Amino acid sequence: MAALQPIRGTHDILADDHRLYRLVTETAYEIAARYGYQEHSTPIFEFTEVFARTLGDTSDIVTKEMYTFADRNGESLTLRPEYTAGICRMFMSNGMTQQLPLKVFCRGPMFRYERPQKGRQRQFHQIDAEILGVADPLADIEVIALGAHILGALGLADRIRLELNTLGDAESRQAYRALLVDYFNGFREDLSEESRVRLEKNPLRILDSKDKGDRVLVQNAPLMADSLNALSQDFFAQVRQGLESLNIEYVVEPHLVRGMDYYCHTAFEFTTDTLGAQGAVLAGGRYDGLVETMGGPPTPGIGWAAGVERLSMMVGEAPPAPRPLVVIPVGSAQRTQALVITQRLRKSGLHVDLGYSGNVKKRLNRANKANARAAILLGEDELAKGVVTLRDMETGEQSEAPLASLEEHLARYR
RNA sequence: GUGGCUGUAGCUCAGUCGGUUAGAGCAUCGGCUUGUGGUGCCGAGGGUCGGGGGUUCAAAUCCCCUCAGCCACCCCA
């Protein structure tokens with residue numbers, strides 16, 4: 001029995017869900033294309049280093065969530081837990097450093113070793129948009145606007161809110177980090193166990209701790225905003241101004257900290273309270289130092305990823321399956337004729353099914369279950385006259401249509 | 001990794017102070033209808049009661065272990 005079960009946290013995606021996922025990803029892709037994004041794909045696995053070096057030694061993804069294994073040569077590989085690092089690798093591998101700015105749209109599966117729960121799986125799917133090579137806050141604004149545009153097109157605007165924060169540039173962040181460490185060191189004993197570890201490794205993460213005791217301390221902690229240098233302040237102001245000029249509503253969340261270490265300046269999350277404990281549906285930020293840490297030329301970057309399953313859950317209803325026409329041979333003598341006509345109609349662009357067996361009754365029954373719009377009955381009598389019987393499956397009305405011009409008679413089912 | 005809840009037919013669920021061959025609805029298949037679906041009537045098939053062990057004359061029901069699912073913590077899409 002165990003062997004017949006999919007691996008924990010993975011799911012077969014059946015037809016209804018596929019139509020829903022396709023609606024989500026196609027909507028996203030079509031809108032992104034209007035903004036000048038082109039679709040690229042990276043492999044679903046990379047050398048472990050690609051993720052381990054970029055995401056940060058202390059990030060949860062690296063320390064406990066990666067699917068890592070050795071291949072037959074002993075090389076350590078990892079199923080991608082996120083898109084950005086792989087995209088930056090692609091950017092360098094393919095010598096795209098001369099093609100800036102580069103706007104990338106991606107979609108595909110991600111893998112994280114976590115306990116599944118509502119809105120969280122071990123294999124899930126993301127859509128992703130990135131801009132490489134633009135240091136101007138215009139890129140931040142555009143990337144957020146794209147996210148808002150897509151969420152709006154999916155009809156989710158009234159159930160999400162945009163949370164925005166800045167992490168500042170390296171200098172500001174370092175200064176802030178020092179202040180934070182000083183502050184929390186004063187309350188070392190009061191911090192939760194996890195946060196004491198964070199204090200050593202990544203003090204910013206204490207800010208979004210959910211521990212009650214931590215939260216009290218966080219309330220009085222120094223604010224990032226007070227540590228921002230002039231450049232960082234100006235950058236954030238421009239992003240905010242841009243969003244306002246586009247009428248994109250947002251809330252500044254001073255404690256918003258993203259999971260990966262590579263972020264700087266803009267950090268944002270579109271969140272919802274409709275997915276249980278999972279808030280984020282589309283989130284990202286700026287990562288100006290990432291390409292360089294991977295060994296490439298200094299290249300600014302900003303982007304986001306969104307969870308296809310989470311978006312789909314919010315959209316809710318799967319689009320209906322397409323409704324076919326069904327060709328029905330009345331007797332076995334019309335089998336071949338039925339096959340030929342079916343194929344002819346398919347080539348003319350119609351959605352046509354031909355059953356594999358059964359009498360007329362059984363075939364009509366199946367046509368009905370397939371939600372067919374009409375049935376095309378081929379009997380001895382009809383074929384002798386060079387016609388077919390066209391049965392409307394809604395009304396039950398039947399009429400005859402000449403075989404030679406069948407396509408014209410079926411035009412309304414197109 | 002930790003905690004709470006839940007596992008009975010393909011699906012949704014009844015059935016537990018232990019007691020004859022474990023039920024229903026929906027779905028499936030067949031018939032009423034030998035060239036006509038949807039509604040109706042009649043009938044049929046389908047269950048190691050998640051798995052293993054224990055208690056008992058007797059276990060879906062009680063006990064132990066285990067597996068899986070869901071939800072939550074952690075963290076995130």
Side-chain angles (χ1 to χ4, degrees), chain A residues 1-11 24 28 55 58-65 80-84 107-128 147 192-195 197-198 202 205 208-212 214 256-260 269-272 275-284 303-314 326 328-334 355 358-383 389-398:
Chain A
M1 231 8 220
L4 290 182
Q5 229 145 15
I7 292 168
R8 165 175 283 179
T10 69
H11 295 281
V24 169
L55 299 179
T58 62
S59 69
D60 276 46
I61 290 184
V62 171
T63 54
K64 54 183 199 191
E65 293 175 5
R80 64 185 181 197
E82 61 113 34
Y83 252 128
T84 309
R107 51 183 145 183
M110 294 294 153
F111 305 85
R112 291 185 197 171
Y113 189 88
E114 300 184 278
R115 283 288 279 272
Q117 66 186 74
K118 188 179 177 72
R120 169 193 282 176
Q121 304 166 224
R122 288 187 174 180
Q123 177 179 341
F124 60 103
H125 297 77
Q126 286 188 337
I127 48 179
D128 184 282
S192 67
E193 203 176 319
E194 296 86 15
S195 285
V197 176
R198 293 185 184 116
N202 192 344
R205 302 289 293 285
D208 65 0
S209 170
K210 283 181 188 166
D211 181 271
K212 278 179 200 156
D214 288 351
L256 173 64
V257 178
R258 306 274 309 135
M260 279 67 89
E269 285 185 4
F270 287 89
T271 63
T272 180
L275 292 178
Q278 266 56 247
V281 291
L282 187 156
W304 52 252
V308 173
E309 286 83 355
R310 288 185 185 178
L311 291 173
S312 296
M313 269 191 276
M314 290 188 74
V326 175
I328 298 178
V330 169
S332 56
Q334 291 84 41
N359 54 24
V360 173
K361 179 182 170 66
K362 193 173 285 185
R363 285 168 186 267
L364 270 173
N365 203 307
R366 285 205 200 103
N368 188 47
K369 277 171 191 148
N371 200 20
R373 304 176 68 189
I376 297 155
L377 290 148
L378 303 184
E380 205 177 345
D381 304 345
E382 287 93 334
L383 291 177
T389 294
L390 203 55
R391 180 180 178 84
D392 187 296
M393 294 298 282
E394 300 285 333
T395 63
E397 280 168 28
Q398 296 195 168

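Proteins get letters first, then strands, A, B, ... in listed order; numbering begins at 1 in each. Predicted model, so just to flag it, every value in this text is computed and none were measured.
- Between the CG atom of Asp128(A) and the P atom of A77(B) there is a distance of 10 Å, rounded to whole Å.
- Nucleic acid contact for Ala367(A): none, since no nucleic acid atom lies under 4.0 Å from a heavy atom of the residue.
- Comparing the P positions of C29(B) and G46(B) gives a spacing of 16 Å, expressed to the nearest Å.
- Checking Asn365(A) against Lys369(A) by side-chain atom types alone, a donor-acceptor pair falls below 3.5 Å.
- Going from the P atom of A59(B) to that of G69(B) covers 30 Å, rounded to whole Å.
- Evaluation of atom-type donor-acceptor distances gives a pair under 3.5 Å for the side chain of Arg120(A) against the base of C74(B).
- The interatomic distance linking Lys64(A) (NZ) with G1(B) (C1') rounds to 8 Å, in whole Å.
- Evaluation of the side chain to side chain contact (heavy atoms under 4.5 Å, CB included) rule for Thr271(A) yields Arg161(A), Glu163(A), Glu269(A) as partners, not counting sequence neighbours.
- Counting heavy atoms from C-beta outward, Leu378(A) and Ile328(A) have side chains that stay 4.5 Å or more apart.
- Taking atom CG on Leu275(A) and atom C1' on C76(B), their separation rounds to 12 Å, with Å as the unit.
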Between the protein and nucleotides 68-70 of chain B, list every N/O to N/O distance that falls short of 3.5 Å.
unit_1: A68(B); atom_1: O2'; unit_2: Gln5(A); atom_2: NE2; d: 3.2
unit_1: G69(B); atom_1: OP2; unit_2: Arg8(A); atom_2: NE; d: 2.8
unit_1: G69(B); atom_1: OP2; unit_2: Arg8(A); atom_2: NH2; d: 3.0

Where protein sits on nucleotides 31-43 of chain B, one letter per nucleotide: B base, S sugar-phosphate only, - none, heavy atoms under 4.0 Å: --B-BBBB-----

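- Thr389(A) is not listed as a side-chain neighbour of Ile376(A), based on a closest heavy-atom distance of 4.5 Å or more.
- Around CD of Glu380(A), the count of heavy atoms belonging to other residues, nucleotides or ligands within 6.0 Å does not exceed 12.
- No contact: Gly331(A) has no heavy atom under 4.0 Å from any strand.
- Leu377(A) has its side chain within reach of Gln398(A): a pair of non-hydrogen atoms, C-beta onward, lies under 4.5 Å apart.
- With hydrogens and angles disregarded, no donor-acceptor distance shorter than 3.5 Å links the side chain of Tyr83(A) to the backbone of Trp304(A).
- G1(B) sits 37 Å from C17(B) when the P atoms are compared, rounded to a whole Å.
- Listed by first and then second residue, the salt bridge (Lys or Arg N to Asp or Glu O under 4.0 Å) pairs that reach into residues 114-127 of chain A are Glu114(A)-Arg120(A), sequence neighbours excluded.
- Separating the C1' atom of C70(B) from that of U16(B) is a span of 23 Å, rounded to the nearest Å.
- Where RNA chain B pairs in unbroken runs of 3 or more (Watson-Crick or G-U, both distances under 3.5 Å), the stems are B:1-7 with B:67-73, B:10-13 with B:23-26, B:28-32 with B:40-44, B:50-54 with B:62-66.
- As a whole-Å value, the separation of Glu114(A) CD from A77(B) P is 9 Å.
- At a threshold of 4.5 Å between non-hydrogen side-chain atoms, the residues Pro109(A) and Gln123(A) count as touching.
- In this structure, the side chains of Arg310(A) and Met314(A) stay at 4.5 Å or more apart for every pair of heavy atoms.
- Between the P atoms of G15(B) and G50(B), the separation comes to 15 Å (whole Å).
- In this view, Ala28(A) and Phe105(A), Ile127(A), Ile150(A) satisfy the side chain to side chain contact (heavy atoms under 4.5 Å, CB included) rule, not counting sequence neighbours.
- Checked options His11(A), His125(A), Gln126(A); the residue passing with Glu309(A) is His125(A) (criterion: side chain to side chain donor-acceptor pair (under 3.5 Å)).
- Only the P atoms considered, G45(B) is 44 Å distant from G4(B), to the nearest whole Å.
- Spacing of P atoms, G47(B) relative to A22(B), comes out at 12 Å, to the nearest Å.
- Here the separation of G23(B) from U48(B), taken at their P atoms, is 15 Å to the nearest Å.
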